[in-house]
Amino acid sequence: MAQNEELTAEAVEAEETLISYTSESSAAEAAPKKERPALTVAGAAVGRRKEAVARVRVVPGSGKWIINGRELSNYFPNKLHQQDVNEPFKILDLEGAYDVIARIHGGGPSGQAGALRLGVARSLNEIDVENNRATLKKAGFLTRDARVIERKKAGLKKARKAQQYSKR
């Protein structure tokens with residue numbers, strides 16, 4: 001009996017010392033950020049989207065973009081395309097760490113931006129597979145968007161447009 005009374009007394013004291021109950025841990029405790037070694041390795045890859053093909057080289061540098069001999073803001077004036085292309089660097093916290101040199105042909109601006117993003121993600125994956133692959137894969141940057149324009153079928157006006165059926 002004396003032991004049970006002591007145990008309950010300790011339990012009551014423990015409850016009084018606890019101020020808040022939560023299942024969440026602070027972000028600093030949960031994932032300590034480890035330092036990644038500085039990489040001086042270049043990577044190259046090909047990205048495709050719709051009809052666009054982008055040949056991409058990623059070289060350690062200051063974050064300069066050269067696409068078909070032009071700057072990023074000059075080649076893609078649309079801010080959404082600029083942001084889309086730069087996402088693999090943002091998600092890996094490598095902004096300004098690499099220069100990007102790309103040659104793009106075919107397709108329109110949206111397809112070219114998608115092709116460039118895939119090429120950048122693949123080349124970053126090639127540089128450091130252990131650290132980069134899981135993050136890029138989870139974000140969906142290593143997946144090729146296979147949607148392309150459907151071909152025209154024989155006997156139809158377009159890919160799916162047929163002549164209107166006439167009952168009489």
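Keep in mind the model is a prediction, meaning the values are calculated, not measured.
- Taking CG of D84 as the start and OG of S110 as the end, the distance is 7.5 Å to the nearest 0.5 Å.
- Side-chain contact between Q83 and K90 is present, with heavy atoms from C-beta onward closer than 4.5 Å.
- The minimum heavy-atom distance between E126 and A44, with the atom names listed, is OE1-O, 2.7 Å.
- Environment of NZ in K152: crowded, with over 12 heavy atoms of neighbouring residues, nucleotides or ligands closer than 6.0 Å.
- When all heavy atoms of A121 and F141 are compared, the closest pair comes out as CB-O, 3.6 Å.
- Using a 4.0 Å cut-off between charged side-chain N and carboxylate O, E150 and K153 make a salt bridge.
- The side chain to side chain contact (heavy atoms under 4.5 Å, CB included) test with W65 is passed by exactly one of L116, N74, I101: L116.
- With hydrogens and angles ignored, the 3.5 Å screen pairs no side-chain donor or acceptor of D99 with any backbone N or O of V59.
- In this structure, CZ in F76 is found 9.5 Å from CZ in R70, a value given to the nearest 0.5 Å.
- When the options L136, N86, V100 are evaluated for a side chain to side chain contact (heavy atoms under 4.5 Å, CB included) with V120, the one that passes is V100.
- Here the side chains of H105 and Q112 are not in contact, with every heavy-atom distance at 4.5 Å or above.
- Proximity of a side-chain donor or acceptor of Q163 to a complementary backbone N or O of L156 within less than 3.5 Å is not detected.
- The side chain to side chain contact (heavy atoms under 4.5 Å, CB included) test with L124 singles out one residue from V129, L92, N131, and that residue is L92.
- Looking at heavy atoms from C-beta onward, P88 lies in side-chain contact with R117 at the 4.5 angstrom threshold.
- Minimum interatomic distance between T143 and L118 (heavy atoms only, all atoms of both residues): O-CD1, 4.1 Å.
- Between the OG atom in S123 and the CG atom in N132 there is a gap of 10.0 Å [rounded to 0.5 Å].
- Closest heavy-atom contact between A52 and A115: O-CB, 3.9 Å.
- For the residue pair R48 and V53, the shortest heavy atom distance occurs at CG-CG2, 4.1 Å.
- Without hydrogens or angle criteria, R122 side chain to V46 main chain gives a donor-acceptor distance under 3.5 Å.
- In this structure, CG on D145 lies 4.0 Å from CZ on R49, to the nearest 0.5 angstrom.
- Heavy-atom minimum distance, N68 versus R103: OD1-CA, 3.2 Å.
- For the pair I66 and K64, the minimum side-chain heavy-atom distance is below 4.5 Å.
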